[in-house]
Amino acid sequence: MIQDAEEKMIWSSLPIPGVIVDPGDKITEINSAAEGFLNASSKTIIGEPVWDRIMIDAPLEEAFERARSSNSPLFVNDVDVGTGSRAPLHCNLQIAPLQGRPGYMIFLISPRELAGRMTQSHSVKSAAKSAIGMAEMLAHEIKNPLAGITGAAQLLSMNLSAEDMELTDLIVAESRRIVKLLEQVEQFGNLSEPHRVPVNVHDVLDRARRSALLGFGAHMKIVEDYDPSLPLAMGDPDQLLQVVLNLIKNASEAADKKGGNIRLHTFYEHSFRLRRADGTGQSLPLQIEIIDDGPGLPEDIKGDIFDPFVSGRENGTGLGLALVSKIISDHDGWISVESVPGRTVFKISLPMAPDPTRRNKKESS
Ligand SMILES: Nc1ncnc2c1ncn2[C@@H]1O[C@H](COP(=O)(O)OP(=O)(O)O)[C@@H](O)[C@H]1O
Ligand SMILES: [Mg+2]
């Protein structure tokens with residue numbers, strides 16, 4: 001449809017996914033960025049109904065028709081755009097009537113920064129892995145001499161005045177802090193492959209909730225908002241508990257000391273699929289959201305919070321979310337975050353346990 005060579009060049013160089021539809025809402029043209037975004041070639045996709053390929057979680061059709069009939073543009077921010085082949089991405093949409101072609105509309109789909117980062121974070125995982133490997137080695141090497149230093153300080157302190165003892169106490173306290181950090185680093189190394197079994201995520205959430213309320217989350221109100229018909233997930237209950245505890249802990253630490261609210265929300269999302277770089281797909285219909293009403297992610301680290309050693313807290317190690325992200329990816333799951341002051345949502349998507357009837361058959365044979 002685009003015939004002019006120059007126009008063609010501009011269209012295919014556009015770094016933003018662009019799609020043109022005809023008056024019957026069939027796709028007539030997509031640019032290369034859109035081929036990547038939709039994970040399809042223009043050959044296979046031209047002629048398809050646009051709403052079959054671009055799934056938007058907002059009721060858009062009326063506004064879209066209005067834009068078409070009044071020949072005016074339509075901007076839609078902050079919608080989840082799915083393509084049927086991978087997890088939906090958070091996007092802004094710009095839609096405009098194509099000048100000189102009545103009824104034709106052009107879509108520009110801009111994935112938002114954070115959503116874009118999330119896809120990247122899977123590919124930089126190996127970099128994070130080697131950073132952690134290095135840290136693990138160091139952790140191991142530092143622990144022994146550190147134990148020596150702590151022991152020596154404790155011996156010294158036996159004959160000291162109260163004033164000098166403050167100093168040895170400082171050595172001991174700071175050494176403990178380092179040991180704690182090192183232990184967290186080592187946790188990565190010790191993290192075995194998940195032992196995956198059918199698991200009720202509500203049991204995991206309950207355990208996490210109860211243990212949080214007894215400790216670090218005592219000042220929080222934690223409410224359950226469960227879909228009671230949620231099927232079993234396929235996962236390692238202990239590792240998933242670690243994930244949820246870490247997320248509740250972060251929310252509790254970010255909240256005001258006087259308290260805050262956390263909502264544990266579960267629901268089923270049939271169409272949630274993840275398409276990996278290697279071409280394999282995975283259905284991740286079980287959704288767990290941990291939602292808090294605290295201050296939100298610090299702006300300066302927002303895009304990097306899943307990387308190791310990125311922390312917005314004075315005494316933070318930055319390892320909590322790195323561990324969370326590792327566990328979820330070992331589960332072939334997906335984690336994403338959306339945060340504004342007053343509302344932070346960590347969303348975990350997990351695969352379902354295989355059909356129990358089939359499983360029983362296998363066990364009995
Ligand atoms: N629910 C949340 N609300 C606000 N900030 C958060 C939340 N969860 C995580 N963060 C930010 O992300 C950072 C990284 O978290 P994490 O990896 O667990 O490391 P740590 O807790 O040791 O700092 C935190 O320091 C905090 O700044
Ligand atoms: Mg943490």
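Ligands are counted one by one from 1 in listed order, and the atoms in each one are counted from 1 as well. Not measured: the values here are computed from a predicted model.
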Please check if atom CD in Glu224 has more than 12 non-hydrogen atoms from other residues, nucleotides or ligands closer than 6.0 Å. yes
Under the side-chain hydrogen bond (donor to acceptor under 3.5 Å, both in side chains) rule, collect the residues that match up with Ser69, sequence neighbours excluded. none
Tell me the contacting part of Ser339 for ligand 1: side chain, backbone, both, or neither, using a 4.0 Å heavy-atom threshold, strictly below. neither
Part of Thr317 with heavy atoms under 4.0 Å of ligand 1, whether side chain, backbone, both or neither: both
Salt bridge check: are Lys180 and Glu183 linked by an N-O gap of less than 4.0 Å? no
Ligand 1 contacted by Ala251 (non-hydrogen, < 4.0 Å): yes
Within less than 4.0 angstrom of ligand 1, does Phe306 place any heavy atom? no
Under 6.0 Å from the NE2 atom of His140, do we count more than 12 heavy atoms belonging to anything else shown? no
Which is it for Ala254 and ligand 1 at heavy atoms under 4.0 Å: side chain, backbone, both or neither? side chain
Sphere of radius 2.8 Å around the Mg ion (ligand 2) - protein N, O or S atoms inside: Asn250 OD1
Please work out which of Asp292, Ile248, Asn250 has its closest non-hydrogen atom nearest to atom 1 (N) of ligand 1. Asp292
Region of Val310 engaging ligand 1 - heavy atom pairs below 4.0 Å: backbone
Between Arg196 and Asp330 (salt bridge meaning N to carboxylate O under 4.0 Å), is one present in this structure? no
Salt-bridge criterion met for Lys221 and Asp293 (N-O under 4.0 Å): no
